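Have a look at the structure below, then the notes.
Only a predicted model underlies this, so the values are computations on that prediction, with no experimental measurement involved.
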Amino acid sequence: MKDEEQAARPRRADARRNEVTLLEAAAAAFVASGVEAPVRDIAARAGVGTATIYRHFPTRADLIIAVYRHQVEACAEAGPALLATAPSPYDALRQWIDLFVDFLVTKHGLAAALHSDQAGFDTLHTHFLDRLVPVCTELLDAATESGEIRSDLAAYELMRGVGNLCIGAENDPRYDARRLVGLLIAGLGRGWASGTSPSGRSAAVENPARQ
């Protein structure tokens with residue numbers, strides 16, 4: 001019996017890795033081509049046949065929901081990992097916001113695709129807030145305690161602001177949402193009030209809008 005259990009664990013681990021590969025390939029395809037990206041394109045990115053996609057996710061809605069949840073979990077897990085490895089809490093926050101922006105690009109397409117199932121989307125949105133607001137709060141608290149950023153901003157406010165800056169960006173090549181988000185995050189630094197960013201460089205150099 002023990003041998004069977006030990007054999008089952010590697011199989012489950014392999015299955016999970018395969019599923020993650022599929023979800024990451026689908027997310028990349030959604031960013032490139034929208035949530036209606038052909039299944040054959042997703043399969044090609046993942047290096048599998050289309051039948052494998054359908055075996056894991058029988059309908060497109062199944063795939064869309066799974067991608068949404070996978071990306072939420074990836075963002076949630078990234079927060080503590082960045083705090084442990086980044087040069088400073090502020091750098092961890094900045095890097096996490098970059099990941100959050102990547103997620104939002106896909107999220108907007110997912111929201112549109114799920115609009116016909118409002119109840120289902122509401123459930124996913126609640127999951128999104130429950131998982132990510134505490135992570136963002138932890139990052140903000142750490143950067144505040146280190147003296148790198150101002151302390152009067154709540155995680156929900158920051159996430160909402162970043163989300164608003166990203167709306168429609170994928171459809172307008174003249175608009176660089178990531179640049180605007182970068183300016184927002186730089187503006188959290190305490191040094192901006194005196195003309196110096198958290199990195200110690202002149203704010204006039206780091207903020208093109210002030211030049």
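- At least one donor-acceptor pair closer than 3.5 Å links the side chain of Ser146 to the backbone N or O of Ala143.
- The distance from atom CD1 of Ile64 to atom CG of Leu124, rounded to the nearest 0.5 Å, is 10.5 Å.
- Ring-plane geometry between Phe128 and Phe100 is classed as parallel, the angle between the planes falling under 30 degrees on a 0 to 90 degree scale with a further cut at 60.
- Applying the side chain to side chain contact (heavy atoms under 4.5 Å, CB included) criterion to Asp152, with sequence neighbours excluded, gives Arg150.
- Considering all non-hydrogen atoms of both residues, Ala66 and Leu23 come closest at CB-CD2, 3.6 Å.
- Looking at Trp96, its side chain does come within 3.5 Å of a backbone N or O of Cys75 through a donor-acceptor pair.
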Practice task
Dump the intermediate steps for side chain to side chain contact (heavy atoms under 4.5 Å, CB included) on Asp98 and Arg178, then the final yes or no.
Solution key: CA-CA 8 Å; Asp98 279 344; Arg178 192 176 295 279; 3.6 Å; yes

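- Atom CZ of Phe103 and atom CG of Leu99 lie 11.5 Å apart (nearest 0.5 Å).
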Let me have the donor-acceptor pairs involving side chains of residues 158-165, under 3.5 Å, with sequence neighbours excluded, atom names and distances please.
unit_1	atom_1	unit_2	atom_2	d
Arg160	NH1	Tyr156	OH	3.2
Asn164	ND2	Arg160	O	3.4

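- Annotation: the span from Leu63 atom CG to Leu22 atom CG amounts to 8.5 Å, rounded to 0.5 Å.
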Practice task
Before giving the answer on side chain to side chain contact (heavy atoms under 4.5 Å, CB included), spell out for Arg60 and Val39 the whole-Å C-alpha distance, their side-chain angles and the decisive distance to 0.1 Å.
Solution key: CA-CA 9 Å; Arg60 184 170 294 272; Val39 171; 3.8 Å; yes

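- The stretch residues 127-147 participates, sequence neighbours left out, in these salt bridge (charged side-chain N to carboxylate O under 4.0 Å, His left out) pairs: Glu73-Arg131.
- The CG atom of Leu140 sits 7.0 Å away from atom CG of Leu188, with the distance rounded to the nearest 0.5 Å.
- Cluster annotation: Tyr54 and Val20 are assigned to distinct hydrophobic clusters (Ile/Leu/Val/Met/Phe/Trp/Tyr, side-chain heavy-atom contacts under 4.5 Å, transitive).
- Side-chain N/O atoms of Ser88 and Asp91 include a donor and acceptor closer than 3.5 Å.
- Here the CD-CG distance, from Gln71 to Asp102, works out to 8.5 Å after rounding to the nearest 0.5 Å.
- Ile65 contributes atom CD1, which lies 11.5 Å from atom NE2 of His127 (distance to the nearest 0.5 angstrom).
- Judged as a salt bridge (Lys or Arg N to Asp or Glu O under 4.0 Å), and not counting sequence neighbours, Arg55 has no contacts.
- The minimum heavy-atom distance linking Val135 with Ala76 is given by the pair CG2-O, 3.6 Å.
- Within a 6.0 Å sphere centred on OH of Tyr175, other residues, nucleotides and ligands contribute more than 12 heavy atoms.
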Practice task
Test Glu19 against His70 for side chain to side chain contact (heavy atoms under 4.5 Å, CB included), laying out the working first.
Solution key: CA-CA 10 Å; Glu19 182 176 333; His70 171 67; over 6 Å; no

Problem - Trace of the side chain to side chain donor-acceptor pair (under 3.5 Å) decision for Thr59 with Asp62 - result: CA-CA 5 Å; Thr59 69; Asp62 292 332; 3.0 Å; yes

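- Pairs engaging residues 41-53 under the side chain to side chain donor-acceptor pair (under 3.5 Å) rule: none recorded [sequence neighbours left out].
- Residues meeting the side chain to side chain contact (heavy atoms under 4.5 Å, CB included) test with Thr85, sequence neighbours left out: none.
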